[in-house]
Each structure stands twice: as C-alpha cells, then as structure tokens.
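First the structure, in the form of structure tokens, and then the observations on it.
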Protein chains: 2
Amino acid sequence: MGPDLKGSSTYFMAYKAELDRILEALDATETLEGLQLIVEQVCEVFGVDHAMYLWVETAGNHYYFGTYSEAWTGRYLDKAYSRVDPVVVGCYQRFHPVDWKRLDWNPKPAREFLKDAMEHGVGNQGYAIPIRGPNGQFALFTLSHNCGDAAWEKLVAKYNRDFILVAHYFNRKVLELEPSRTAEQAQPLSPREVDALTLLAIGYSRAQVAQTLAISEHTLRVYIESARFKLGAINTTHAIARAVSLGLIVV
Amino acid sequence: MGPDLKGSSTYFMAYKAELDRILEALDATETLEGLQLIVEQVCEVFGVDHAMYLWVETAGNHYYFGTYSEAWTGRYLDKAYSRVDPVVVGCYQRFHPVDWKRLDWNPKPAREFLKDAMEHGVGNQGYAIPIRGPNGQFALFTLSHNCGDAAWEKLVAKYNRDFILVAHYFNRKVLELEPSRTAEQAQPLSPREVDALTLLAIGYSRAQVAQTLAISEHTLRVYIESARFKLGAINTTHAIARAVSLGLIVV
DNA sequence: TGCGGCCTCGCTATTTCGGGGGAGGACCTG
DNA sequence: CAGGTCCTCCCCCGAAATAGCGAGGCCGCA
C-alpha cells in the first residue's frame, strides 16, 4: 500500500475486496485442488506471471502448488534443485521476505540453476516469502514475473504486506489439509529427556552430561533411550537431529 | 476487515492509515526502546488493553516487549511460566493464531498460572500469534483485553489479519536488532561433508554412510572431522546439532 | 604455475555408546 | 486406589566412534 494508493480510495477498495476474496477462499478451501486454483487467482490479483507455494521436505517429497510449467517443476524435482536453488537456501536462513536479486547467485551450481530456470520461463523477477510451521516445517511462497527492475520494485512495494498474508493463509490451509506430518510426530519429551538431549547436542559426552545433571550415567542412558524411542530415532545422533529439527531442543 | 467495514470506507481508510503508520514505524525503528513504544501504540490502534511480543528461549533469557505490569512480567520470568503457560505451550505446536479460550487450561499448573495471571490484570480475553524464525526461533505476539466474549470475537474477526502483519513485522525488527543469532554464521560445508552429516543425522552408522556414499569409512571420517572443525563442534553429535540448527542440512 | 581446498585411501589404540536385562519410589489422574 | 509416567540406580559386553599419525590426485583460482 504505497502512498500513491491513499488517494485513490475506490481502486484501493476494489483491490482490497479482491484480496479479501482470495483470503476467504483460502479459509474456505477444503481440497488440495482448491489451493491450485487459488494460486492461479493470486497471479491475477497481483498481476504477476507466476505464483508458487512449496513446502520443502526432508526426503524430497515436496508439496507444491504453482503456475510453473510441468516441465520445470518436474526438472526441479528430478535434479533436486531445492538443494541448490538460492531462493530456498537463502530463505532458509532468513525471516524477512527477500527479492531474488538480493540473493547470492555466484556459486556455480546456482548459476547453472538460474540459467536452467530462465530457459523454462520462470521469469527474471521474483519475491520469496519464507514460512515456518511447527515441528520445523519450512515452506516458501514465491511470486515471479518478467519485467524491469523499477516496475517490479513498485509492485513489491505495493503488495508485499499482502504477499505475507497470502503466504501465511496458504500454509495455514496446507497444514490443515495435511495433518499427517503434524499428527505423526507430537511425542513430547519429558523435562529430563530434554535436558539430556540438549546437553548432548552441545557436545557433552555422556559422562559430562551425567555430571552436569547430577545423575548417574546409567540413569542418563535411560533418558536417552527413552527419548530415542519417542522420537523414533535409531541412535543418539538421529535423536538429536530430530529433536533439533522438531524444535524440541534449542542448540 | 469484516463485511461491516466494506461500506464505511472513510473509517476504514483512517484505520488503515493508522495501521500503516505502525508498520512503517516498525520498519523504521532502530532501537529496542522504539519497539516498546510501538507495542503501546498497537494497543491504541486496535483498542485493546495489552499487547506483547515475547521471544521464547529455552535458555530462559526471554526477549520481551509489552504493556503488562512489571510485577507480572517479573513473576512470569521468576516462575519460568513459559514452560507452563498454555499460550506458549499451545502455540508452539500450532501455526494458526489462537484465541486463549481455545487452549487447554485443564492441567493443574495451567490453572494455577491462569489464576495468577488474572490477579495481575492480564485480562480475560486474548489472542496469540505464533511466529517462527530461522534456527528454530520461536516468538509470540499476543493481544489481551478485558471484555465479553461477543465483543472480543468481533474485534478479533475485524483485526486478526492485521495482527499477523504486526506480529511478523515485530519479529522481523527484533531479529534485525538482535544480531547475535545471525552473527553465528558458520563456514559453508563442502558437498561431501553435507552428504556425510545428512546421512549421519538420519541415523546411519559410519559404515552405512560410507557404503551409501561409496567411499571408505576412513574417507568418511575425514569429512566428519572436517565438518566438525568448520562447525566448531567437539564431537559428531554436536556437529549434527549445529548443522541442523544452522540449516546446513535438512533432516 | 603455484597454492589451497576437496576427495580419496590407509593404520592402531583408546574411549565411548548401544542394547539387553531389572528395580524401586514419587507424582498425578481417573 | 490402580495405572500411568517420570525419575533414579545397577549389572555386562560387543559394537561403534574418536584421536593421532600419513599420503596422493584433482580442480579452481590467482
């Protein structure tokens, strides 16, 4: 909502009504197909070529809704581009939404990825909003377009707050429609288990942890085993990784 | 933005201008004191008794800006209420903002906490927005008020989208002003090191990792040691924890 | 053409971890 | 009060990780 809009109340209200319609549709949707339709509507409302929601997953089974060509999305998955894509990599370290131009495209794999993306009509401008949910969930909402820098900056300045809302609502709905992830792993750890894993995660040996917690090493081992069991982990390292990634402990 | 507002464009625009002012102030603030002032303004704009931003840390050093009395905030910290507070506990598992009423206040510690909170004038109504940042950061933005259910629901329905924006902008600025998190940028890992740590993080033993990567276990060890060195970790578990928490590997 | 980083392979000895048991007391909830 | 969870302690032994050495080839960058 740039200053230029404050005067043109009617146009502003009309746009807001459209945005409202999108957000309400996001609230009302009950199917994944509905989300795909909404992505397309988002493009129209904001006047951009492409919009995309991508839930970046561990194993590579990405959750995707977007307007990119199937050729490109297929290629993206095949080549496991999410490990290279500066948008994904960069957003993972940020909270603030970010313009593609401000990312680091220098590494060779990134340059090759960019070239490939361009050839698939992704667009030269883009704006990405990182989204995080419980249990370390991470997703991206991205809008991309083909235009000059000035026009793009103006568009982003105008809409970026609404981008955040749409991204947020989108993720909200995806989490709602896909409860498997959240339901699958909700086993809370006991305080002592958290203590044990936390100290292990900062590099303490079992002996040190036991001493720090003022318990015997045998007791400690019971906690670790118990935590391992709750986390479905097959060894301590795995348990630590899961606990950190689920946000159960903070390193 | 309830339907009742769509007719009264002037009032709507006036409110939007106020919201804009808040968000712009949030963008412009350069000090933590400024954030405290903004919290107070947020209360005025939305017409609620209290607003609060709380960055929940495991270590206990909470980041707080809010309008609650010092008696209450002090008590909250002293008693480590963030481990009991259903708002914190509940939001930690959710993505969707949540009304206090919809939380589970049954556990005995929660009931005692509630009683204590009431006596300190926290208010009977509340709305909490969970916020997540990189490296497992977790924060809450909360608005609370003293009023009837109907009035509160109406207020939430009217403003909840804007609550999200304010919460988001608030956290954005806090992260910006608190560089300690971002300062701990580690050296990038080599691809092979990432492979090694990733497989270790999903529970593979060194032998399995070596086999999967089709390298000798000795080579693997060099990667692990190298990664440990880069991450400043004192053992593999520590390295995994840091790599996961820094987002260098995804589990 | 260096230099440095990355990837690859090897040895031995010591320390640590993992899995398998069992057992008692404290606390809260239904 | 029973049943569940949590916290605490103890045994043994095989498997795994760690620490300390060294060595060579490949590649990109200056």
Side-chain angles (χ1 to χ4, degrees), chain A residues 84 106-112 186-243 248, chain B residues 83-84 86 89 104-113 186-243 248:
Chain A
V84 178
N106 277 328
K108 199 179 163 193
R111 287 199 306 268
E112 285 170 5
Q187 276 273 43
L189 300 176
S190 81
R192 239 20 190 168
E193 287 159 0
V194 172
D195 291 341
L197 291 191
T198 303
L199 292 173
L200 287 175
I202 60 175
Y204 283 29
S205 71
R206 288 203 308 207
Q208 286 176 303
V209 175
Q211 196 183 355
T212 306
L213 297 179
I215 58 176
S216 80
E217 201 175 326
H218 309 281
T219 304
L220 172 65
R221 279 181 42 200
V222 178
Y223 295 149
I224 300 172
E225 279 177 38
S226 165
R228 232 184 9 238
F229 177 74
K230 285 182 183 174
L231 293 168
I234 57 190
N235 58 36
T236 302
T237 306
H238 191 193
I240 297 291
R242 285 187 63 82
L248 300 174
Chain B
R83 299 209 181 239
V84 178
V89 175
D104 178 19
W105 296 90
N106 278 329
K108 199 181 165 193
R111 287 199 306 269
E112 284 170 3
F113 164 77
Q187 308 182 45
L189 301 176
S190 81
R192 246 9 197 171
E193 287 160 358
V194 172
D195 291 341
L197 291 190
T198 302
L199 292 174
L200 286 175
I202 60 175
Y204 283 30
S205 71
R206 290 205 306 204
Q208 286 176 302
V209 174
Q211 195 183 354
T212 305
L213 297 180
I215 58 176
S216 80
E217 201 174 328
H218 312 280
T219 304
L220 173 64
R221 276 182 42 201
V222 179
Y223 296 147
I224 300 172
E225 279 177 38
S226 164
R228 244 194 348 246
F229 178 74
K230 286 183 183 173
L231 294 168
I234 57 190
N235 57 36
T236 300
T237 306
H238 191 192
I240 297 289
R242 285 188 60 81
L248 300 174

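The structure displayed is predicted, hence computed values, not measured ones. Below, all heavy atoms of this structure are taken into account, side chains as well, without hydrogens, waters or symmetry copies.
Distance B:I240 CD1 to D:dA16 C1': 15 Å, rounded to the nearest Å. Put simply, CD on A:Q211 is 17 Å from C1' on D:dC9, counting in whole angstrom units. Atom CD of B:E225 and atom P of D:dG22 are 14 Å apart (whole Å). As rounded to whole Å, 11 Å separates atom C1' of C:dT8 from atom NE2 of B:H218. In this structure, B:F229 places its CZ atom 13 Å from P of D:dA19, rounding to the nearest Å. Computed from coordinates, the A:Q208 CD to C:dT15 P distance equals 15 Å when rounded to whole Å. D:dC7 atom P lies 11 Å from atom CG of A:L213, rounded to whole Å. In this entry the distance linking CD of B:E217 with P of C:dC7 reads 18 Å, nearest Å.
Taking all atoms of both residues into account, the shortest heavy-atom contact from A:N235 to B:Y204 is ND2-O, 4.2 Å.
For A:R192, the listed nucleotide lying nearest its side chain is D:dC7; candidates were C:dC11, D:dA17, D:dC7. The side chain of A:R221 has D:dC12 as its nearest neighbour among D:dC9, D:dC12, C:dC6. Distances were taken from every side-chain heavy atom of A:T236 (C-beta onward) to each of C:dG18, D:dA17, C:dC9; the shortest belongs to C:dG18.
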Output side-chain donor-acceptor pairs under 3.5 Å for residues 218-228 of chain B, partner residues at least two apart or in another chain, one line each.
| from | atom 1 | to | atom 2 | distance (Å) |
| --- | --- | --- | --- | --- |
| B:T219 | OG1 | B:S216 | OG | 3.0 |
| B:S226 | OG | B:E193 | OE2 | 2.4 |

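Considering only side-chain N and O atoms, A:T219 lies under 4.0 angstrom from the phosphate OP1 or OP2 of D:dC9. At D:dT5, none of the side-chain N or O atoms of A:K230 fall inside 4.0 Å of OP1 or OP2 (strictly under the cut-off). Distances shorter than 4.0 Å separate some side-chain N or O of A:S190 from OP1 or OP2 on D:dC7. Of the side-chain N and O atoms in A:R206, none sit less than 4.0 angstrom from OP1 or OP2 of D:dA17. For the OP1/OP2 pair of D:dC6 and a distance below 4.0 Å, the side-chain nitrogens and oxygens of A:Y223 include no atom meeting the criterion.
Within the nucleic acid shown, A:S226 has no heavy atom closer than 4.0 Å to any nucleic acid atom.
Note: B:F229 CZ to B:I234 CD1 = 14.5 Å, rounded to the nearest 0.5 Å.
Heavy atoms from other residues, nucleotides or ligands lying under 6.0 Å from CD of B:Q211 number 12 at most.
Both B:S216 and B:N235 sit near DNA chain C, but only B:S216 has its closest nucleotide nearer the 5' end. Heavy-atom nearest nucleotides on DNA chain D were determined for B:I234 and for A:E193, and the one closer to the 5' end corresponds to A:E193. Along DNA chain C, the nucleotide nearest A:I224 and the nucleotide nearest B:R111 are compared for position; the residue whose nucleotide lies closer to the 5' end is A:I224.
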Residue pair B:H238, A:L200: steps toward the side chain to side chain contact (heavy atoms under 4.5 Å, CB included) verdict
CA-CA 7 Å; B:H238 191 192; A:L200 287 175; over 6 Å; no
